[in-house]
Protein chains: 2
Amino acid sequence: MPSKKYHHGDLKNALIQAGIEILSRDGVAGLSLRKVALRAKVSHSAPYAHFSDKQSLIAAISTEGFNQLYAELSAAIGERASSPEKKIFAAIKAYVTFALTRTDTFKIMFSGVIEKEKEYPAFVEVSQRTFRLVVDVVRECQRSGLLPAGQTELVAVSIWGQIHGIVSLALEGQIPHTVIDKKDVQSIVDFALGQLMALKG
Amino acid sequence: MPSKKYHHGDLKNALIQAGIEILSRDGVAGLSLRKVALRAKVSHSAPYAHFSDKQSLIAAISTEGFNQLYAELSAAIGERASSPEKKIFAAIKAYVTFALTRTDTFKIMFSGVIEKEKEYPAFVEVSQRTFRLVVDVVRECQRSGLLPAGQTELVAVSIWGQIHGIVSLALEGQIPHTVIDKKDVQSIVDFALGQLMALKG
DNA sequence: ACCTGAACACCGTTCAAGT
DNA sequence: ACCTGAACACCGTTCAAGT
């Protein structure tokens, strides 16, 4: 371990970690640069040596979140050479679990706080890599007749959008009680996906 | 018109209007109570006579947004006794248009800034009323065989979730360029819905 | 009942200065 | 190269005081 003196050693990553922790404790609204600095035990202006502004830190946190999501998705998909059906359901379960577990990280990843994506190539890279993972599973499902053929990327966006939408509405408390009181988010998502899959019984 | 003196007359609604305007100019991040007050030409503490805090103003803005969305959805659906298919596509087009036009109002409506819904009955009411509109159209589509029968509310949530998810991802710039460069949001949504509808040729 | 102005704690960001 | 501390403009919220 690096000796604790004037220079922190790895302040950049310490700030990202501190940010994730504050996010899970105080939520998106409670995330401030000054709190992050305090938690990392540096002065409130120290973060500016590593991040140009708050947006930049949020981009780094979002990138880290996407890396974790990617890892969990590929772990869920990759467990042995299972059937396309098992793979896609496992992937979706992992997505929902991620959203329900690391709620505020998930929210910030998709809260458009990153407007100028071009400035954050690492974020764009992992986000694209994650999408490709989904596209590959969708393609397998198409080949085995589980999903209608053609337009693989469009189908992937449709399915991803559906899961993402249902999860988002649930996180914002927008799903009517008449529905959410009877079924949990995972069940609703499974139902929705089942409808799509039913296309090819 | 009310004479402009010490008392504003209808400051409450003026603040909501000012908020919506600031939202469309400066975005969600640029919305502050002090700016709203300034725009309504009152002191920065005047809003507190009508709203307990910023959340409360946001709830009022969201409620107003939902009222507009409800109006546009029912206008789209209600135009003559058209077919269920026309109705559902018209409704979805209206939803997408609303999201793309009043982007920041849409975002704040679904940004979970309203955590304690119970405290905002007007918001809950219009939100439920809007959902019922969707449920009714879905039921019509089920009756005419466009959508699979049963579980009407679940089907409604699935479809609403899908539209909402695709639109949200688009607003956050998360749809990969390989897709969004070829098709606009409306087309992607139509494609997704077409997949669901295809269930019953 | 409705609004103002001073006050307080907190925030993002900058910058000269320290190590 | 990395970090501190003072400073500035802005913010949400409170409260005594004005009309």
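Just so it is clear: chains get the letters A, B, ... in the order the sequence lines come, proteins before strands, and each one is counted from 1.
- Across the protein-nucleic acid pair, A:D10 atom CG and D:dA1 atom C1' stand 15 Å apart, rounded to whole Å.
- When the P atom of C:dG5 is taken as reference, atom NZ of B:K41 falls 16 Å away, rounded to whole Å.
- Note: CG (A:L38) to P (D:dG5) measures 13 Å, nearest angstrom.
- One finds a salt bridge joining B:R102 and B:E72 here, because a Lys/Arg side-chain nitrogen approaches an Asp/Glu carboxylate oxygen to under 4.0 Å.
- Taking 4.0 angstrom as the limit, B:H50 places a side-chain polar atom (N or O) nearer than this to OP1 or OP2 of C:dC3.
- Residues passing the side-chain contact (heavy atoms from CB on, under 4.5 Å) test with A:I180, sequence neighbours excluded: A:I175, A:H177, A:V185, A:I188.
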Pairs: protein N or O with nucleotides 14-16 of chain C N or O, under 3.5 Å:
none

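- Every residue two or more places apart in sequence or in another chain was checked for a side-chain hydrogen bond (donor to acceptor under 3.5 Å, both in side chains) with B:K183, and none qualifies.
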Might you list the N or O atoms of the protein lying below 3.5 Å from N or O atoms in nucleotides 9-11 of chain D, with each pair's distance?
from	atom 1	to	atom 2	distance (Å)
D:dC11	OP1	B:S32	OG	3.3

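- For A:Y95, the side-chain hydrogen bond (donor to acceptor under 3.5 Å, both in side chains) partners two or more places apart in sequence, or in a different chain, are A:W160, A:H164.
- For A:T130, the side-chain contact (heavy atoms from CB on, under 4.5 Å) partners two or more places apart in sequence, or in a different chain, are A:F66, A:Y70, A:L73, A:V126.
- In the displayed structure, B:R129 atom CZ is contacted under 6.0 Å by more than 12 heavy atoms of other residues, nucleotides or ligands.
- For the side-chain contact (heavy atoms from CB on, under 4.5 Å) test, residues two or more places apart in sequence or in another chain that qualify with B:S43 are B:S45, B:A46.
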Intra- and inter-strand pairs of DNA chain C in dot-bracket (Watson-Crick or G-U wobble, both distances under 3.5 Å; | for another strand): ||.|||||...|||||.||
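- Atom CG of B:L57 and atom P of D:dG12 are 10 Å apart (whole Å).
- Take B:Q128 and apply the side-chain hydrogen bond (donor to acceptor under 3.5 Å, both in side chains) test, not counting sequence neighbours, and it matches no residue.
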Side chains of residues 16-31 of chain A: which donor-acceptor partners sit under 3.5 Å, not counting sequence neighbours?
from	atom 1	to	atom 2	distance (Å)
A:E21	OE1	A:R39	NH1	2.2
A:S24	OG	A:E21	O	2.9
A:D26	OD2	A:K35	NZ	3.0

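- Partners of B:T105 under the side-chain hydrogen bond (donor to acceptor under 3.5 Å, both in side chains) rule, at least two apart in sequence or in another chain, do not exist in this structure.
- In the set D:dT13, D:dC2, C:dG5, D:dT13 carries the atom at the smallest distance from any side-chain atom of B:D53.
- With sequence neighbours excluded, the residues satisfying side-chain contact (heavy atoms from CB on, under 4.5 Å) with B:T101 are B:T97.
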